[in-house]
Amino acid sequence: MKNENVITFNRPDDWHLHVRNDDVLAAVIGDTSRDFGRAIIMPNLPTPITTRSMATAYRDEILNQLPDKSKFSPLMTCYLTDTTDPDDLREGLKSGAYTAAKLYPAGATTNSNNGVTNISYLDDVFDVLSELGCPLLVHGEVVDDNVDVFDRENVFIQKILIPLRARHKKLKIVFEHITTKQAVEYIENENPSCLAATITPHHLSINRNAMFQGGIRPHMYCLPIAKREEHRRTLLRAACSGDEHFFLGTDSAPHTKETKESSCGCAGIYNSPCAISTYLQIFEQADALGQFNDFASKNGPLFYNLPINTELVTYKKENKPLVFPNVVIDADSVEVFSPPFNLYWKKATS
Ligand code: DOR
Ligand code: ZN
């Protein structure tokens, strides 16, 4: 008989993760290495990772902070700027120092001031990525005071993504942390082999009301900002469909309470400790646990041309709601994402 309180799947990967450096890295990396085989590490440190030697040093710093015997593998990315050297990028990708390159439109989010001001400067960089079959990861929002913050993703599709794909037909693109119906439908309608998207646990769990529940809720604020309920429902449909264009990327982004609970609070939601439990809860509610392995463990490696993790992990449903304590960093802490429903799925294997 089928046991509906147990699920076994290939060890998942996180295809979009922020772990920072120094004491924050030391405090958070165990929450990812415990549950995931690999993670695409975002390069938006205060001094961004713009060269392959920086990527190698950052990778070593992460490896040094891993718990003993961890087999977790960080996959590094290059932070693109207006002056990225295509040759350094090519060497970095060929040598494995980088797995992908990340496009932050300048000013779009945390530590994006050195990001790209005009993507037409990067045609040589996109040619290198196309030549090597390595993905361009995009933060898909336009930065323009005349564009409403809730429309930034849709305008990005029209103004940036469509022309970019027309100019670079072989370029593989991951549209990161999508938040809109328009993004899902664009991908579904195009049905391309060279475009995919990551979906976060928080964008599957909350709509924009969550930021204003009885007052301003800084721990529900991230970028791209959560949208209306109809968008959340469309994301849910896409994630739960098993469609190979959609896969897991937490966008877990730790900021201390002091920096979030401020007159100008940082964007970012820290969800690593509860990410798998949250996704499982959502898939269960949607009666889609049968598609979970595709979303969490298969579609990502297929797109990145990497092997699927062979190790299997098992999660069991507890009777009582799980509790995820905040992460303490000196006198401060990082608050763990709390979805508006209880979580019960707990890892049963080590
Ligand atoms: O909410 C976000 N936080 N969105 C991003 O794009 C960056 C991230 C961060 O680094 O904190
Ligand atoms: Zn991110």
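Both counts, for ligands and for their atoms, begin at 1 and track the order of listing. Residue numbers start at 1 and run along the sequence shown.
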Check: Quick check, are the ring centers of Phe337 and Phe324 under 6.0 angstrom apart?
Finding: no
Item checked: Heavy atoms of other groups near Glu258 CD, more than 12 under 6.0 Å -> no
Check: Heavy atom of Glu141 under 4.0 Å from ligand 1?
Finding: no
Item checked: His139-His177 aromatic ring centre distance below 6.0 Å -> yes
Checklist line | Interfacing atoms of ligand 1 (cut-off 4.0 Å, heavy-atom, Cys222) | finding: 1 (O)
Check: What protein heavy atom sits nearest atom 3 (N) of ligand 1, and how far off is it?
Finding: Ala267 O, 3.0 Å
Checklist line | Note, Leu137 side chain near Trp15 side chain (heavy atom, < 4.5 Å) | finding: no
Margin query: Restricting to N/O/S atoms, is Asp251 within less than 2.8 Å of the Zn ion (ligand 2) or not?
Written below: yes
Margin query: At under 4.0 Å between heavy atoms, is it the side chain or the backbone of Ile269 that contacts ligand 1, or both, or neither?
Written below: neither
Check: Stepwise, does the salt bridge (charged side-chain N to carboxylate O under 4.0 Å, His left out) test hold for Arg52 with Asp88?
Finding: CA-CA 7 Å; Arg52 66 193 142 117; Asp88 185 76; 3.0 Å; yes
Checklist line | Those atoms of ligand 1 less than 4.0 Å from some heavy atom in His255 | finding: 9 (C), 11 (O)
Notebook entry, point to check: Do Phe175 and Tyr186 have their ring centres less than 6.0 Å from each other?
Noted result: no
Next item on the list: Of the side chain and backbone of His202, name the one, both, or neither that has a heavy atom under 4.0 Å from an atom of ligand 1.
Entry: neither
Notebook entry, point to check: Do other residues, nucleotides or ligands put more than 12 heavy atoms under 6.0 Å from Glu284 CD?
Noted result: yes
Check: Mind checking whether Asn44 has an N or O less than 3.5 Å away from an N or O of ligand 1?
Finding: yes
Next item on the list: Can you sort out which atoms of ligand 1 are near His139, meaning under 4.0 Å from one of its heavy atoms?
Entry: 6 (O)
Notebook entry, point to check: Do the side-chain N and O atoms of Asp82 and Asn118 include a donor-acceptor pair separated by under 3.5 angstrom?
Noted result: no
Check: Pick from Lys170, Arg90, Lys172: which one makes a salt bridge (charged side-chain N to carboxylate O under 4.0 Å, His left out) with Glu131?
Finding: Arg90
Checklist line | Atoms of ligand 1, numbered as shown, that sit under 4.0 Å from any heavy atom of Ala253 | finding: 3 (N), 8 (C), 9 (C), 11 (O)
Note to self: With a cut-off of 2.8 Å, does His139 put an N/O/S atom close enough to the Zn ion (ligand 2)?
What the structure shows: no
Next item on the list: Could you check atom 5 (C) of ligand 1 against the protein and tell me its nearest heavy-atom contact, residue, atom and distance included?
Entry: Thr109 OG1, 3.0 Å
Note to self: Pair Glu229, Arg232 - check salt bridge (charged side-chain N to carboxylate O under 4.0 Å, His left out), show working.
What the structure shows: CA-CA 5 Å; Glu229 177 64 5; Arg232 187 190 72 84; 2.9 Å; yes
Next item on the list: Considering the heavy atoms of His18, write down every atom of ligand 1 situated less than 4.0 Å from one of them.
Entry: 7 (C), 8 (C), 9 (C), 10 (O)
Checklist line | Opening angle at the Zn ion (ligand 2) [NE2, His18; NE2, His16; to 10 degrees] | finding: 110°
Checklist line | Passing option when Thr179 is tested against Glu153, His203, His231 for side chain to side chain donor-acceptor pair (under 3.5 Å) | finding: Glu153
Next item on the list: Note the single closest protein heavy atom to atom 4 (N) of ligand 1, along with its residue, its atom name and the distance in Å.
Entry: Leu223 O, 2.7 Å
Notebook entry, point to check: Below 4.0 Å from any atom of ligand 1, is there a heavy atom belonging to Met42?
Noted result: no
Item checked: Presence of N, O or S from His177 under 2.8 Å of the Zn ion (ligand 2) -> no
